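One is the number of the first residue; the rest follow in order along the sequence. Here the structure is a predicted model, which means the values were calculated and not measured.
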Amino acid sequence: MTALAKRKTGLHFKTRLYFETSSRVRGKRLVIHGTPWVCTVWRKGTRTRYEVPWHAIFRLAVKAQMDSKKRRADRPSLIRRR
């Protein structure tokens with residue numbers, strides 16, 4: 001039973017988020033590697049890596065959503081009301 005648990009635990013930690021984007025920055029693709037606490041981003045072929053905590057990413061997403069809702073509320077409606 002422990003061998004199975006160790007094997008499953010190892011599998012869990014080895015299957016992390018890792019992908020390359022189709023967009024390019026200065027001609028090179030972006031590589032994104034996620035762990036449970038940090039998202040690491042770098043340009044493919046470079047050594048400089050930027051670590052961003054997930055909570056910061058989620059905060060930015062919430063702020064962007066709130067700004068979008070405010071802009072929609074301020075925009076005049078195109079529907080004619082009677």
Side-chain angles (χ1 to χ4, degrees):
M1 189 79 170
T2 11
L4 182 63
K6 284 182 183 177
R7 185 179 59 127
K8 284 188 175 180
T9 306
L11 180 66
H12 174 72
F13 286 111
K14 288 179 186 171
T15 55
R16 295 180 181 155
L17 170 69
Y18 177 90
F19 65 91
E20 295 179 22
T21 62
S22 58
S23 61
R24 294 176 182 264
V25 175
R26 295 186 189 170
K28 294 188 178 187
R29 289 185 173 202
L30 287 178
V31 179
I32 299 172
H33 181 250
T35 59
W37 299 276
V38 177
C39 175
T40 308
V41 180
W42 70 93
R43 285 178 35 217
K44 189 171 184 178
T46 61
R47 293 184 181 184
T48 307
R49 295 174 186 235
Y50 303 97
E51 292 186 349
V52 183
W54 287 110
H55 65 84
I57 294 171
F58 292 133
R59 267 196 215 136
L60 284 173
V62 167
K63 185 179 179 210
Q65 184 180 19
M66 295 300 290
D67 291 343
S68 175
K69 284 183 180 180
K70 282 181 186 177
R71 271 189 263 121
R72 274 193 229 138
D74 293 342
R75 184 173 46 184
S77 178
L78 298 175
I79 300 172
R80 187 181 283 182
R81 296 184 185 183
R82 295 181 186 192

Checklist line | Non-neighbouring partners of K28 that pass salt bridge (charged side-chain N to carboxylate O under 4.0 Å, His left out), sequence neighbours left out | finding: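 Here no residue qualifies.
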Notebook entry, point to check: Which pair of heavy atoms, one from G34 and one from W54, lies closest together, and at what distance?
Noted result: CA-CZ2, 4.0 Å
Next item on the list: Indicate the atoms forming the closest heavy-atom contact of T46 with W42, along with that distance.
Entry: O-CD1, 4.0 Å
Item checked: Shared hydrophobic cluster for V41 and F58 (ILVMFWY, side-chain gaps under 4.5 Å) -> yes
Item checked: Common cluster, L60/V52, ILVMFWY with side-chain heavy-atom separation under 4.5 Å ->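 As far as the 4.5 Å side-chain criterion goes, V52 and L60 are not connected within one cluster.
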Next item on the list: State, with a plain yes or no, whether a side-chain heavy atom of R59 is found less than 4.5 Å away from one of K63.
Entry: no
Notebook entry, point to check: Is the closest side-chain heavy-atom distance between R43 and V31 below 4.5 Å?
Noted result: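 No, their side chains stay 4.5 Å or more apart.
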